[in-house]
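Each remark here refers to the structure printed beneath this line.
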2 protein chains.
Amino acid sequence: MSDSLPHRYKHPHPAVTVDLVIFTLRDEELQVLLIERGLKPFQGEWALPGGFVRIEENLTGAAHRELREETGLTQAYLEQVGAFGRPDRDPRERVISVAFFAILSSDKLALQAGSDARAVSWHSCNKIPELAFDHAEIVHAARLKLTEKINRTTIALEFLPTEFTLTELQRVFEAVRGEAIDKRNFRKWSQSLSFIKATGRMRRGGQHRPAELYRANTKGLLPPPRALTETPEPFNSRRVDVAAYRKGFEDALSALHKVLVDSEKKLLKGLVDR
Amino acid sequence: MSDSLPHRYKHPHPAVTVDLVIFTLRDEELQVLLIERGLKPFQGEWALPGGFVRIEENLTGAAHRELREETGLTQAYLEQVGAFGRPDRDPRERVISVAFFAILSSDKLALQAGSDARAVSWHSCNKIPELAFDHAEIVHAARLKLTEKINRTTIALEFLPTEFTLTELQRVFEAVRGEAIDKRNFRKWSQSLSFIKATGRMRRGGQHRPAELYRANTKGLLPPPRALTETPEPFNSRRVDVAAYRKGFEDALSALHKVLVDSEKKLLKGLVDR
DNA sequence: CCAAAAGTGTTCAATCTACACCCATGG
DNA sequence: CCATGGGTGTAGATTGAACACTTTTGG
């Protein structure tokens, strides 16, 4: 008996899981990957993919592992949404879930059947079925975070393959924002931020004029890591300043932070972003 | 022996703690509450207040409990920063920490000595000492989040007592943003958003003209909960729209969400914020 | 009367919004 | 030749940034 329950603690410990809200663009809609639960509780209901965090594993590492198990992909944008820990959220035992959202680009959509024969399918964010546990709340929080970031970062590019047309980019914004955008204004805006650049190549197909292909502009675009400098963002700075922030700037900041943490004390006068 | 380790699990479970980044405004600076650790590891170093999440306890509940134990306060603004779970962040065992930040208004600053005789003190965010565990990273993330929200929400009011002058409000923004703000522009801006209203009363004191007192404007100011309506925010909407978002709008949204979750499906077309 | 903080407007530049037509292609 | 989506510019309104002096009080 004690062999089957070999891990012992002085105080009760909760289980910790990661749950993934995997977004993609399909049929010009924002969609989320859901699995149909094969086991109790909530058997037969839809839920987010997820699983336990291993004892030696990073939270982000666990999220990447789950993503790989679910989709076969080792590389994708991944960002923490937060921890969800209502005591009654799982009827079996106390489970605290750390939620992440991921973005799959539309060229990687082929869905391998999940590792364990469960039904897996994409659902439009506008028609999400009833979900198990508190997963409706998690999806909601993830969608809020995604929507918050779409205009402030280059996260939209994560939905697209390396080369894409401006119309495809506009479709991403429209799907995430849930509304139509004026074509001329969008093109002016996105190009003025110079986080994309034209490749000069064309995409032909369909009976219409070919579209110019763009890609992320990786050169010379990193915003100043203001969190670690002496000149915080000016009051009421223009949107263009912040909208150009690159995806992953937080990652860059925290990496920088680790490197500089000892020597930067004198620089740490002001902070960041907005 | 087995009596002292009575909680047994099939798989190893991490411990889960909450850590608090408690902000306030002191000496016109943004400051953080730190405790000096009395025990190993990191004995004698500064750290964030925090403690284990009880098995039957909400994460938010645990954060409130820690806040109460540390400051004696039962009411304060509290918001989750995220989960921090590097496997090596605590040398004793695997500990996953869910960090929150709290804001103490300047009229509640009297520091009760912590429950257990440790040194407790305020530190300027511009001169934070070396911290135990990964607490430097947590403070950094909390400050990022605070800075992000100061212009988009009414969170600044949490730093002040119920009645305050415009200059005091300006000091909050200046401390959080880490820079001086033009007085006339600030007064126009803050008043135009109408999240505060004049009380007609005056604060006298000091040898200068008395200042008019303001308070939060609670009437008629809730922003439309766009996350749950059919009309998401327009493309590139003006800052004034979002800046008026009230503190706690996320709480309101999630409460609304629970109430409406069944009947709102048809409304769930678009989402929020800028 | 003096020091100290409260209070107040205007001008200029940048950005946002709304809006309608021609272009290049495949069939 | 025609249907389809690609591509382009301008004018008016809103907002942001810079900037200096008068007012009221307590001592």
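Order of the sequence lines sets the chain letters (A, B, ...), proteins ahead of strands, with each chain counted from 1.
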Distances under 3.5 Å between nitrogen or oxygen atoms of protein and nucleotides 25-27 of chain C:
unit_1: C:dT25; atom_1: O2; unit_2: A:Q207; atom_2: O; d: 2.9
unit_1: C:dT25; atom_1: O2; unit_2: A:H208; atom_2: N; d: 3.0
unit_1: C:dG26; atom_1: N2; unit_2: A:Q207; atom_2: OE1; d: 3.3
unit_1: C:dG26; atom_1: N3; unit_2: A:Q207; atom_2: OE1; d: 3.4

Exercise for review: Verify, without hydrogens or angle tests, whether B:E28 (side chain) and B:R171 (backbone) share a donor-acceptor contact under 3.5 angstrom.
Suggested key: no
**Study point:** Protein-nucleotide distance (B:L213, atom CG; C:dG7, atom C1'), rounded to Å
**Key:** 15 Å
Exercise for review: Just say parallel, tilted or perpendicular for the rings of B:W189 and B:F173, cut-offs at 30° and 60°.
Suggested key: perpendicular
Point to revise | Protein-nucleotide distance (B:N151, atom CG; D:dA17, atom P), rounded to Å | key: 10 Å
Study note, to complete from the structure: When rounded to whole Å, the CD to P distance for the pair A:Q170 and D:dG5 reads 13 Å
Review point. For A:F186 and C:dA18, what is the distance between atoms CZ and P respectively, to the nearest whole Å?
Key: 16 Å
Check your understanding: Separation of B:R184 atom CZ from D:dG16 atom P, in whole Å?
Key -> 17 Å
Point to revise | Stepwise side chain to side chain contact (heavy atoms under 4.5 Å, CB included) check, B:I35 with B:V120 | key: CA-CA 4 Å; B:I35 64 175; B:V120 179; 4.0 Å; yes
Check your understanding: To the nearest Å, how far apart are A:E179 CD and C:dT17 C1'?
Key -> 13 Å
Practice item. Select base, sugar-phosphate, or nothing to describe what B:T167 touches, counting heavy atoms under 4.0 Å on all strands. Key: sugar-phosphate
Study note, to complete from the structure: From the list B:E168, B:E212, B:E163, salt bridge (charged side-chain N to carboxylate O under 4.0 Å, His left out) with B:R203 holds only for B:E168
Review point. side-chain hydrogen bond (donor to acceptor under 3.5 Å, both in side chains) with B:Y214: which of B:R201, B:K197, B:Q191?
Key: B:Q191
Review point. Between the base of C:dT15 and the side chain of A:K188, is there any donor-acceptor pair under 3.5 Å?
Key: no
Practice item. Send over the distance from A:I181 CD1 to C:dC19 C1', rounded to a whole Å. Key: 17 Å
Review point. Thinking salt bridges, do A:E148 and A:K145 make one under a 4.0 Å N-O criterion?
Key: no
Check your understanding: Whole Å only: how far is the NZ atom of A:K183 from the P atom of C:dC21?
Key -> 14 Å
